[in-house]
Amino acid sequence: MATQHPSSALPAPARSAAYPMAKPGYGKRSAPDQQARTQNDFALLPTRERYVAGFVDHLPDGGAMSVKTLAKQLPLYGQQAISTALNSLSVAGHLRRVRCPVVGAGDETRWVFRTFWSRTARDNEWWNTYLATEQAAQAAAPAQEASVRDTAPPPPPPTPEGPGAERPRTEQATEPTAVPHQRTPDRAPDTEPAPPATGAAPATPHVVEAGRSPAYLALARLGRDDHRLALSADDCATLEPQAAEWLARGVSVDYLTSALTAGLPAKVDSPVGLLRRRLNDKVPPRLPTAGSPPAPARHLLVECTDCGRPGPPQALPDGLCRPCRTAHSGAPENPPHPADIADVKAHMSNLRDLLKPV
């Protein structure tokens with residue numbers, strides 16, 4: 001059980017304005033539902049841990065949380081002392097280090113690293129529940145920095161320098177400057193458009209063909225490729241819904257044409273009847289439409305605060321893996337049984353008796 005230290009701890013150093021911020025995807029993240037900041041937030045911690053916790057608590061979200069960076073800002077302790085203090089803060093329930101996979105361009109997966117910080121000490125059950133939620137995954141992903149950059153207003157235009165620079169800026173702030181209507185200049189006589197050439201082909205056939213559906217055009221081209229499948233305009237309009245159903249199932253026009261023209265008999269008496277039968281009998285299965293795959297669910301992995309070994313939150317209680325937790329506690333996890341110790345001593349005594357000269 002922690003005891004309150006009556007002695008006043010060293011005050012946390014004031015964070016300078018030039019404190020280094022981590023790259024997007026890294027750094028500090030504040031946990032939700034924290035209590036209001038008071039002077040006795042870390043009163044139950046030792047002096048060194050209280051000093052480090054007071055400094056980390058005042059860092060903004062996104063601030064660098066590496067041991068080396070913190071040691072540069074805290075001159076009283078070195079990197080080893082800062083690392084030990086962070087381990088103690090993790091055991092006390094104030095921080096957890098996590099990593100989250102993020103899919104980038106070209107399905108390339110990269111890992112982002114965060115350090116969740118809570119001014120209010122939390123137990124392992126609270127941390128495990130929070131890190132399993134989508135809110136923690138969204139907080140760990142670097143989407144917030146990108147959205148801030150995308151939605152940030154553009155920088156103001158440079159203001160003109162000179163004696164008359166203040167008055168135009170004031171007028172612009174009170175009333176926007178009206179932009180005069182731009183009139184189209186008169187066309188010069190020598191730049192008038194030339195009349196269309198009389199020998200140009202009319203564009204009506206192209207317009208009519210462009211208005212037809214791909215299924216209708218595929219049926220109309222069958223007779224041009226093979227005279228046995230010559231269809232009239234009414235025949236194409238009759239078979240168009242069936243051919244359109246093929247295209248709606250995800251097949252291409254070339255696949256439709258190959259399926260209708262493969263293995264034709266030497267003589268076709270009724271092209272429309274043959275094509276109707278093939279459109280009904282050879283209808284392909286429906287293919288899924290090509291779309292963007294669903295975004296994979298982001299799962300957070302907790303890192304050991306000391307060695308960085310990743311694992312699920314349940315496997316790292318107190319934010320430490322088993323070897324680091326054993327080393328931090330200072331006691332072996334499974335102490336030997338007294339009977340085993342007696343057996344080892346008896347075995348060693350027997351070996352010494354066997355080595356004695358006769």
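Just so you know, these numbers use all the heavy atoms, side chains as well, and skip hydrogens, waters and symmetry mates.
- The minimum heavy-atom distance linking Ala53 with Leu45 is given by the pair CB-CD1, 4.2 Å.
- Taking the side chain as every heavy atom from C-beta outward, Glu240 and Ser213 approach each other to under 4.5 Å.
- In plain terms, the two heavy atoms of Ala85 and Glu49 that are nearest each other are CA-OE2, 3.6 Å.
- For the residue pair Thr257/Asp254, the side-chain donor-acceptor check at 3.5 Å is not satisfied.
- Figure legend: Arg48 and Tyr51 shown without cation-pi pairing, the cationic atom not lying both under 6.0 angstrom from the six-membered ring centre and within 45 degrees of its axis.
- Stacking of Arg122 on the aromatic ring of Trp126 is recorded, both the 6.0 Å distance cut-off and the 45° axial limit being met.
- Between Arg228 and Leu222, every side-chain heavy-atom pair lies at or beyond the 4.5 Å cut-off.
- Looking only at side-chain heavy atoms (C-beta outward), Leu260 and Leu219 come within less than 4.5 Å of each other.
- For Glu125, the CD atom counts as loosely surrounded, since its 6.0 Å shell holds 12 or fewer non-hydrogen atoms of other residues, nucleotides or ligands.
- Criterion: ILVMFWY side-chain heavy atoms under 4.5 Å apart, direct or through other members. Under it, Leu95 and Val52 are part of a common hydrophobic cluster.
- Side-chain atoms of Arg97 and Thr305 form no donor-acceptor pair, as typed in the model, at a separation below 3.5 Å.
- Side-chain contact between Lys28 and Pro60: absent, with no pair of heavy atoms (C-beta onward) separated by less than 4.5 Å.
- Residues Met348 and Leu351 have side chains in contact (heavy-atom distance under 4.5 Å, counting atoms from C-beta outward).
- Of all heavy-atom pairs between Ala243 and Leu256, the closest is CB-CD2, 4.0 Å.
- A side-chain donor from one of Asp235 and Ser232 sits under 3.5 Å from a side-chain acceptor of the other.
- One hydrophobic cluster, built from ILVMFWY side chains closer than 4.5 Å, holds both Leu74 and Leu76.
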Before giving the answer on side-chain hydrogen bond (donor to acceptor under 3.5 Å, both in side chains), spell out for Asp41 and Thr38 the whole-Å C-alpha distance, their side-chain angles and the decisive distance to 0.1 Å. CA-CA 6 Å; Asp41 289 331; Thr38 62; 2.7 Å; yes

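- Residues Leu239 and Tyr216 have side chains not in contact (no heavy-atom distance under 4.5 Å, counting atoms from C-beta outward).
- Between Leu229 and Pro271, the closest heavy-atom pair is CA-CB, 4.0 Å.
- Between Cys321 and Cys307 there is a side-chain heavy-atom pair separated by less than 4.5 Å.
- Of the N and O atoms on the side chains of Asn124 and Arg96, at least one donor lies less than 3.5 Å from an acceptor on the other residue.
- No single ILVMFWY cluster, assembled from side-chain heavy atoms under 4.5 Å apart, contains both Trp117 and Leu320.
- Taking a cutoff of 4.0 Å between a charged side-chain nitrogen and a carboxylate oxygen, Asp57 and Arg37 qualify as a salt bridge.
- Under the 4.5 Å side-chain heavy-atom criterion for grouping Ile, Leu, Val, Met, Phe, Trp and Tyr, Trp246 is connected to Val272 within one hydrophobic cluster.
- A perpendicular orientation is assigned to the rings of Tyr130 and Trp127, their planes being inclined by more than 60° (bins at 30° and 60°).
- Inspection of the Ser30 and Asp61 side chains reveals an N or O donor paired with an N or O acceptor under 3.5 Å.
- In this structure, Gln79 CD and Lys72 NZ are separated by 8.5 Å, a value rounded to the nearest 0.5 Å.
- Criterion: ILVMFWY side-chain heavy atoms under 4.5 Å apart, direct or through other members. Under it, Leu44 and Val91 are not part of a common hydrophobic cluster.
- The aromatic rings of His94 and Phe42 sit perpendicular to each other, their planes meeting at more than 60°, with 30° as the lower class boundary.
- More than 12 non-hydrogen atoms from other residues, nucleotides or ligands lie less than 6.0 angstrom from NZ of Lys282.
- The closest side-chain heavy-atom distance from Leu86 to Leu70 is below 4.5 Å.
- Contact record, Val253 with Pro214: CG2-CB, 4.5 Å, taken as the closest heavy-atom pair.
- A pairwise comparison of heavy atoms in Val67 and Ser83 identifies CG1-N, 4.1 Å as the closest pair.
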